[in-house]
Amino acid sequence: MTDETTTKEGARDSASGLDFIRSAIVEDTAASRFDGRVVTRFPPEPNGYLHIGHAKAICLDFGVAAEHEGGRCHLRFDDTNPDNESLEFVEAIKEDVRWLGFDWGDHLYFASDYYAQLFEYAVRLIRKGSAYICDLTPEEFKTYRGVPTRPGKESPSRNRAIDENLDLFNRMRAGEFEDGAYVLRAKIDMESPNLHLRDPTLYRIKRAHHYRTGDEWCIYPMYDFTHGQSDSIEGVTHSLCTTEFEVHRPLYDWLLEQLEIYRPRQIEFAPLNLEYTVLSKRLLIPLIKEGHVSGWDDPRMSTLRGIRRRGFTPEALRDFCERVGIAKVAAVTDVALLEHCVRDHLNAVAPRRMAVLNPVRVVIENYPEGESETFEAVNNPEDETAGTRQVAFSRDLYIERDDFQEEPHKKFYRLAPGREVRLRYACYITCTDVIKDESGEVVELRCTFDPESRGGGTSDGRKVRGTVHWVSAAHAKEVEVRMYDRLFDVPDPLGELDGDFRKHLNPDSFKSVTGHVESALGDAEPGERFQFERLGYFCVDTVDSTAGNPIFNRTVTLRDSWSKIKGKGKG
RNA sequence: UGCCCGAUGGUGUAACGGUAGCACAACUGACUCUGAAUCAGUCAGUCUAGGUUCAAAUCCUAGUCGGGCAACCA
C-alpha cells in the first residue's frame, strides 16, 4: 500500500541542491506531514564495529535531524539476535558515534526494551488472523517459500485456528517447545513476487542468553517485526536505510498498517563503497582471523577505530561524507576524495616538524666539529598562532636519501654533486663529494655550507631552487614510524575475475621504519598529529606508544607531483 | 529466467520541461624556504532507440547495462 507519503519516491527535489532524501523531508515538513516533526534514528546491531560506510549513514541521520528546528536523531541498538551481540559492542559504537561528533542526547534506545510491547503486537496480529504459528521444518519452510521465479506454496499451518495460534504462541514464550519447533509468521501472500511478503517469519524460538534481557525470553522477534515497530514507538518520522531494505518496505508498511499504529516513512539510499578496501563485516572478519591485519583497529582497516588510529579526523570524515552525497545508484567512491579531505583538514591544523625516514648522512665540512646552534622554524604556515620553535643544527646531519641523486634527472632540483640546495629554515649547502661503500651504495655526502645563508637566505639574492628537510644526527630522536598504504592493490578487490579478495592484498600496505625526528617529538602524546614536512601527515599511535617513545602512524602522504614527473620519463 | 531500484565527464554529485553546474582526479601555468598549500586556467558528461512537446538529462515506451531480493541474520 502506498499513499502520498511514498508515491513521491524518486521525484525530483523541490529545494535546489539538496539530495533526494533531504528534499523529500523538506517537502514532508512543508506539507505538515508528521506534524512538521523530523525524527531520525541510527540503528546499529551491537554485534561488530562501525566502519566508514556507517559514517555515511550517521552523518545523514544526525545531519538531517540537525538541519530541522526541533529535529532529533535517536541512537537505537537493534539487538534482537542475542548470538553475537554484547555490551562491549554497544560501548564501542557509542564511542565511535561520539568521536564522529554526534550527540543523541537523551535518545538512547534498545529494541530489546520493546520486547514486551512487540510480543503484545504479535498477539494483536494473531487475534486479527494476520499471523499464525507454523511448524514447518527449516527445510520444508524453504521449499514452501519457492524461489524468485516461482511462487511459493501455503503452509499446512496457515489456517490454524486463532485460539490455537494464541495458545501455541504463549507456550512458545513459556518455553514449552524446543528451539526451531515453531515460528510465528505473518499471513500475507505466498505468491507475491516479493519474497519478503511470502509469509515472513516474525518470531523464532531461540534459547540464547541476551546481553540485556538475560534469559527472560526464549523467543526473539525478527528484524522485520522489530525495526518498523521500534520506529513507530519512538515517533521516528523518517527511517533512512540502505537500498538493500527497499524490498522490505512493503512489509514495513504492511505490519504497521495491520497493527494500526503510527507509521514512519522509510527511505532508502545507496551504501558507501570505497576503492581499495572492503566494507562488510563478513569480509573484514577474515582479514583479522587470517592475520592480514592486527585487529579491528588496525590502521589499514576501514573501521572507524582503524581510521581513527590511522590519524584521520572526525572533521575530515564528516567533510568526506558530505562530499560523497546521497543518491540511489550503486557507486564506488574514489579514495582520492577521502585523502583530499584529510589533507585539507590536517593542512590547516597540523603542526609541522622535520623527520628523515630514509636517511643518508651529510657532513658539513666547514662547520666546526662538536658545535651546534639552533634555527627558528615556523610551526604552521597556515596558522600564525601556532608560533615557531627552535631546531638544532650541527656538522653531522641526515637528509632523505631521495633528496640526492648522483646523476640527477633533468627535472630533479634537489641535491646532487656540485649543486647547492637549502636546508629548510637553516642554510645553503653544496655537495662537494660522494662517499660510497664497497657495494657502491652512497653512505655519506660531504658538503660545505655558506655561513652567509644562515636563517635560510643570502643578501645577494641568489636563487636556490631546492629546499630539503633535515635533522641533526646527534640531536635527532630515533622513533618507529609505521608507513601505511592501501590494504588492497586493486580498486575493486571483490570485482576481480578470480573472486578471491585475498589475492589482491597489497604486500606493501604496512612497513615499519626507523625515523630520525626532531628531538621535541619524543614527547609527543598519543593521538597527536603532525605534518612531517615534505612527507605527509603522521599521528602518534594510541596503542603501542609508550611514554617518551612515540610510534608514528602515517595517515596519508602529501601530494607529490615530483613522483609523477619522475614516473613519466627518464631524465 | 521473476520482482524491485537505478543509469549525467575518469570518480562522486546538481540541474524539478527552457544556459548541463559543482567537487575530487588529471593536465597547463603562476607563486613558493614544503615539488605541499594557494591562485589562474585546460580537458572531459546526459546508456541506446523510438515517442510526446515550440522545447527533453528531465515525461512515455522498449532495449541495454548495473545493483538488490530466495537466514528461524540485521
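A note on names: the letters A, B, ... follow the listed sequences, proteins ahead of strands, and every chain is numbered from 1.
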Residue closer to the 5' end of RNA chain B, A:Asp334 versus A:Asp344 (nearest nucleotide): A:Asp334
Sugar-phosphate only, base, or nothing, as touched by A:Val183 at under 4.0 Å among non-hydrogen atoms: base
Please list, for nucleotides 39-43 of chain B, all pairs of protein and nucleotide N/O atoms separated by less than 3.5 Å.
none

A:His340 side-chain N/O to B:C24 phosphate OP1/OP2 under 4.0 Å: yes
Contact under 4.0 Å: A:Arg282 side-chain N or O vs B:C73 OP1/OP2: no
Check nucleotides 65-70 of chain B against the protein and report each pair of N or O atoms closer than 3.5 Å, with its distance, or say if there are none.
from  : atom 1 : to       : atom 2 : distance (Å)
B:C69 : O2'    : A:His196 : NE2    : 3.0
B:A70 : O3'    : A:Arg145 : NH2    : 3.3
B:A70 : O2'    : A:Arg145 : NE     : 2.6
B:A70 : O2'    : A:Arg145 : NH2    : 2.5

Distance test, side-chain N/O of A:Arg559 to OP1/OP2 of B:A26, below 4.0 Å: yes
Spacing of A:His469 atom NE2 relative to B:G35 atom C1', expressed in whole Å: 13 Å
Sugar-phosphate, base or nothing in reach of A:Ser192, heavy atoms under 4.0 Å: nothing
What donor-acceptor contacts under 3.5 angstrom involve side-chain atoms of residues 338-346 of chain A, with partners at least two apart or in another chain?
from     : atom 1 : to       : atom 2 : distance (Å)
A:Glu339 : OE2    : A:Arg486 : NH2    : 3.4
A:Arg343 : NE     : A:Thr557 : O      : 2.8
A:Arg343 : NH2    : A:Thr557 : O      : 3.2
A:His345 : ND1    : A:Thr313 : OG1    : 2.6

Distance-only donor-acceptor check, side chains A:His196 and A:Asp224, under 3.5 Å: no
Derivation and outcome, side-chain contact (heavy atoms from CB on, under 4.5 Å), residues A:Tyr223 and A:Glu45: CA-CA 10 Å; A:Tyr223 164 84; A:Glu45 183 187 12; over 6 Å; no
Polar side-chain contact A:Arg352-B:U34 base: donor and acceptor under 3.5 Å: yes
Stems formed with participation of RNA chain B [Watson-Crick or G-U wobble, under 3.5 Å, three or more pairs]: B:2-7 with B:64-69, B:10-13 with B:21-24, B:26-30 with B:38-42, B:47-51 with B:59-63
B:G35 OP1/OP2 closer than 4.0 Å to side-chain N/O of A:Lys411: no
Ring center gap for A:His409 and A:Trp562 short of 6.0 angstrom: yes
Rounded C1' spacing from B:C43 to B:C27 in Å: 7 Å
Whole-angstrom distance between B:A15 and B:G41, as gauged at atom C1': 25 Å
Integer angstrom distance from the C1' of B:C47 to that of B:C65: 7 Å
Touch class at under 4.0 angstrom, heavy-atom based, for A:Pro46 against every strand present: nothing
Glycosidic class, syn or anti, of B:A23 using a 90° window around 0: anti
C1'-based separation of B:C4 from B:U8 [nearest Å]: 23 Å
Touch class at under 4.0 angstrom, heavy-atom based, for A:Leu423 against every strand present: nothing
Aro-ring/base stack A:Trp562-B:G35, d under 5.5 Å, angle under 30°: yes
Summary of side chain to side chain donor-acceptor pair (under 3.5 Å) pairs that have at least one residue in residues 199-208 of chain A, sequence neighbours excluded: A:Asp83-A:Lys206, A:Tyr132-A:Asp199, A:Arg158-A:Asp199, A:Asp179-A:Arg207
Sub-6.0 Å ring centroid separation between A:Tyr220 and A:Tyr115: yes
Under 3.5 Å side-chain donor-acceptor pair for A:Glu234 and A:His74: yes
Contact under 4.0 Å: A:Ser561 side-chain N or O vs B:A36 OP1/OP2: yes
Sugar-phosphate only, base, or nothing, as touched by A:Asp83 at under 4.0 Å among non-hydrogen atoms: nothing
Below 4.0 Å: OP1/OP2 of B:G35 and any side-chain N or O of A:Arg465: no
Side-chain H-bond candidate by donor/acceptor type, A:Ser239 with A:Gln266, under 3.5 Å: no
Touch class at under 4.0 angstrom, heavy-atom based, for A:Tyr413 against every strand present: base
Sugar-phosphate only, base, or nothing, as touched by A:Pro381 at under 4.0 Å among non-hydrogen atoms: base
Spacing of the C1' atoms in B:G9 and B:G21 (rounded, Å): 12 Å
Pairwise P distance for B:G12 and B:A70, with rounding to whole Å: 26 Å
P gap between B:C24 and B:A40, integer Å: 12 Å
Check: A:Phe530 ring centre within less than 6.0 Å of A:Tyr537 ring centre: no
5' priority, RNA chain B, between A:Lys463 and A:Lys206 [closest heavy atom]: A:Lys463
Residues forming a side chain to side chain donor-acceptor pair (under 3.5 Å) with A:Asp135, sequence neighbours excluded: A:Ser157, A:Arg160
Gap in Å between the two P atoms, one belonging to B:A26 and one to B:U64, rounded: 38 Å
Sugar-phosphate, base or nothing in reach of A:Leu136, heavy atoms under 4.0 Å: base
Sugar-phosphate, base or nothing in reach of A:Leu558, heavy atoms under 4.0 Å: base
Donor-acceptor contact below 3.5 Å, side chain A:Asp450 vs main chain A:Tyr428: no
B:C3 OP1/OP2 closer than 4.0 Å to side-chain N/O of A:Arg249: no
Side-chain H-bond candidate by donor/acceptor type, A:Thr388 with A:Glu376, under 3.5 Å: yes
Touch class at under 4.0 angstrom, heavy-atom based, for A:Arg422 against every strand present: base
Side chain of A:Glu533 (C-beta onward), nearest among B:G6, B:U34, B:G12: B:U34
Check: A:Thr430 side chain, A:Glu420 main-chain N or O, donor-acceptor pair, under 3.5 Å: no
Sugar-phosphate only, base, or nothing, as touched by A:Val332 at under 4.0 Å among non-hydrogen atoms: sugar-phosphate
Sugar-phosphate only, base, or nothing, as touched by A:Tyr144 at under 4.0 Å among non-hydrogen atoms: nothing
Candidate nucleotides B:C27, B:A74, B:A23, ranked by approach to the side chain of A:Asp78 - the nearest: B:A74
Nucleotide nearest A:Lys564 when distance is taken to its side chain, options B:A74, B:A26, B:G35: B:A26
Pair A:Asn194-A:Ser192, side-chain donor/acceptor within less than 3.5 Å: no
base_contact_polar (B:U34 base, A:Gln531 side chain, donor-acceptor, <3.5 Å): yes
Option from A:Arg424, A:Glu400, A:Glu518, A:Glu533 for which side-chain hydrogen bond (donor to acceptor under 3.5 Å, both in side chains) with A:His469 holds: A:Glu400
Contact under 4.0 Å: A:Ser563 side-chain N or O vs B:G35 OP1/OP2: no
Side-chain H-bond candidate by donor/acceptor type, A:Tyr49 with A:Glu88, under 3.5 Å: yes
